[in-house]
Amino acid sequence: MEKPKKCVVVTGFGPFGEHAVNASWVAVQELEKIGLGDVDLHVYEVPVEYQTVQRLIPDLWMTYNPELFVHVGVSGMATMVTLEKCGHNKGYHGLDVRQFCPDSKCCVDGGPECLHSVIDIDFVCKKATEAGMDVQFTVSTDAGRYLCDFTYYTSLYKSQGKSVFIHVPPLGKPYTASQLGRALQTILNIILDMLEQSEDEITCHQNH
């Protein structure tokens, strides 16, 4: 029996502040061009708006029920492709592009302070580094308490941790769009392999 196609949803962000062209969305579009083999890939540009994120992320989960949900954001401080380990619930004081900020300054009322991805992010970073690309990878535990962190927490909360957040540097500092697209492809292929192996192990245990 043929396995059903895996479904992956990848989001990038729209313009904000000095990022008139958001490197995250450019990188996601590059990923869409090169694809993920026979994986059913859906990409979305997310506006830098708290209320849209709160509505859109659960909607995308409901629509696709993806194997994996990946969010990509830009960080002006990043010089490497940065894999985020966790999202935070509180401390959202920065105004979005509509000059809005949640009254509660938090993502999910009563939710845990911090949610971690179920994906072993350190292992993903190690494997991506070993791939010998012309891009450097690192790991972080602080996604920045702005829309990136807010999106990651919302997604982790909805997906029971089956989400990943990746920060990319601005374009040309130092990587091209093409390099960022290939970096995303490498990371996603590593994670999908990991998920497949863990599924195979579960199936193997069930059959014994």
Side-chain angles (χ1 to χ4, degrees), residues 1-14 22-46 53 56-74 80-85 87 115-137 139 143 148 151-152 154-168 175-204 206:
M1 233 174 78
E2 265 191 55
K3 280 188 180 179
K5 263 189 168 188
K6 285 190 167 67
C7 170
V8 175
V9 176
V10 184
T11 69
F13 284 100
N22 194 315
S24 68
W25 178 235
V26 174
V28 170
Q29 289 175 298
E30 286 291 323
L31 171 67
E32 187 182 28
K33 276 186 215 164
I34 56 178
L36 288 170
D38 61 354
V39 170
D40 204 359
L41 175 65
H42 301 272
V43 304
Y44 285 86
E45 182 181 15
V46 179
V53 165
L56 182 63
I57 300 305
D59 281 356
L60 290 173
W61 268 107
M62 288 286 290
T63 303
Y64 294 108
N65 190 25
E67 182 85 9
L68 181 67
F69 209 161
V70 180
H71 308 283
V72 186
V74 65
M80 301 184 197
V81 173
T82 305
L83 295 143
E84 299 290 348
K85 292 177 112 171
L115 289 175
H116 284 75
S117 176
V118 295
I119 310 295
D120 183 342
I121 299 296
D122 288 311
F123 181 78
V124 175
C125 185
K126 178 173 172 285
K127 295 296 280 185
T129 301
E130 286 170 2
M133 297 183 70
D134 50 358
V135 172
Q136 287 185 292
F137 299 91
V139 166
C148 291
T151 299
Y152 197 17
T154 303
S155 188
L156 288 166
Y157 190 81
K158 287 289 169 197
S159 67
Q160 280 83 49
K162 275 184 87 171
S163 302
V164 173
F165 198 100
I166 302 162
H167 263 126
V168 297
Y175 304 121
T176 64
S178 172
Q179 284 175 303
L180 292 176
R182 288 198 308 276
L184 294 182
Q185 183 190 49
T186 298
I187 291 166
L188 268 60
N189 280 330
I190 290 164
I191 295 171
L192 289 168
D193 283 348
M194 287 164 65
L195 291 172
E196 190 156 333
Q197 279 173 2
S198 60
E199 269 173 33
D200 289 347
E201 281 166 22
I202 291 163
T203 309
C204 184
Q206 284 170 344

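Computed over heavy atoms, backbone and side chain alike; hydrogens, waters and symmetry mates excluded.
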What class does the angle between the rings of F69 and W61 fall in, given that below 30° is parallel, 30 to 60° is tilted and above 60° is perpendicular?
perpendicular
State, to 0.1 Å, how close F137 and M80 come at their nearest heavy-atom pair, and which atoms those are.
O-SD, 4.0 Å
Is there side-chain contact between Y152 and S117, with heavy atoms separated by less than 4.5 Å?
yes
Output the distance between atom NZ (K126) and atom CD1 (I121), rounded to the nearest 0.5 Å.
15.0 Å
Kindly indicate whether the side chain of M194, heavy atoms from C-beta on, has any atom under 4.5 Å from the side chain of I119.
yes
Value for OG (S178) from CG (L31), rounded to nearest 0.5 Å, stands at 11.5 Å
V39 and K6: which non-hydrogen atoms are nearest, and at how many Å?
CG1-O, 3.5 Å
Kindly compute the distance separating CZ (R182) from OG1 (T176), expressed to the nearest 0.5 Å.
6.5 Å
Would you find a donor on one side and an acceptor on the other, under 3.5 Å apart, between the side chain of T186 and the backbone of A128?
no
Audit row: V124, V139, side chain to side chain contact (heavy atoms under 4.5 Å, CB included) steps and yes/no:
CA-CA 9 Å; V124 175; V139 166; over 6 Å; no
Here's a test for you: under side chain to side chain contact (heavy atoms under 4.5 Å, CB included), which of V28, L36, I34 qualifies with L41?
L36
Taking the side chain as every heavy atom from C-beta outward, state whether T11 and L56 have any pair of such atoms under 4.5 Å apart.
no
Does any part of the side chain of L188, heavy atoms only, come nearer than 4.5 Å to the side chain of V10, both counted from C-beta?
yes
With distance as the sole test, does Y175 use its side chain to make a donor-acceptor pair with the main-chain N or O of V135 at under 3.5 Å?
no
Hey, does I191 have a side-chain heavy atom less than 4.5 Å from the side chain of I187?
yes
Are Q179 and D134 close enough, and set up right, to give a side chain to side chain contact (heavy atoms under 4.5 Å, CB included), and what steps lead you there?
CA-CA 8 Å; Q179 284 175 303; D134 50 358; 3.1 Å; yes
Tell me, yes or no, whether the heavy-atom count around Q136 atom CD, taken from other residues, nucleotides or ligands under 6.0 Å, exceeds 12.
no
T154 to P58 - nearest heavy-atom pair and separation
CG2-CD, 4.4 Å
Heavy atoms only: give me the nearest C148-H167 pair and the separation to one decimal.
SG-NE2, 3.3 Å
Quick one, L180 with V26, criterion side chain to side chain contact (heavy atoms under 4.5 Å, CB included). Give me CA distance, side-chain angles, the key distance, then yes/no.
CA-CA 9 Å; L180 292 176; V26 174; over 6 Å; no
So how far is it from Q185 CD to M133 CE, rounded to the nearest 0.5 Å?
8.0 Å
Would you say the side-chain atoms of T63 pair up with the backbone N or O of D59, donor to acceptor, closer than 3.5 Å?
yes
Using a 6.0 Å cut-off, check whether atom NZ of K158 has over 12 heavy atoms from anything other than its own residue.
no
Is there a side-chain contact between Y44 and V9, using heavy atoms and a 4.5 Å cut-off?
yes
Could you report the tightest heavy-atom contact between W25 and V43, atom names first, then the distance?
CH2-CG2, 3.9 Å
I'd like to check H42 versus L60 (side-chain heavy atoms, cut-off strictly below 4.5 Å). Are they in contact?
no
Beyond-backbone contact of V118 with Q160, side-chain heavy atoms, under 4.5 angstrom:
no
Please give me the minimum heavy-atom distance between S155 and H71, naming the atom from each residue.
OG-NE2, 2.8 Å
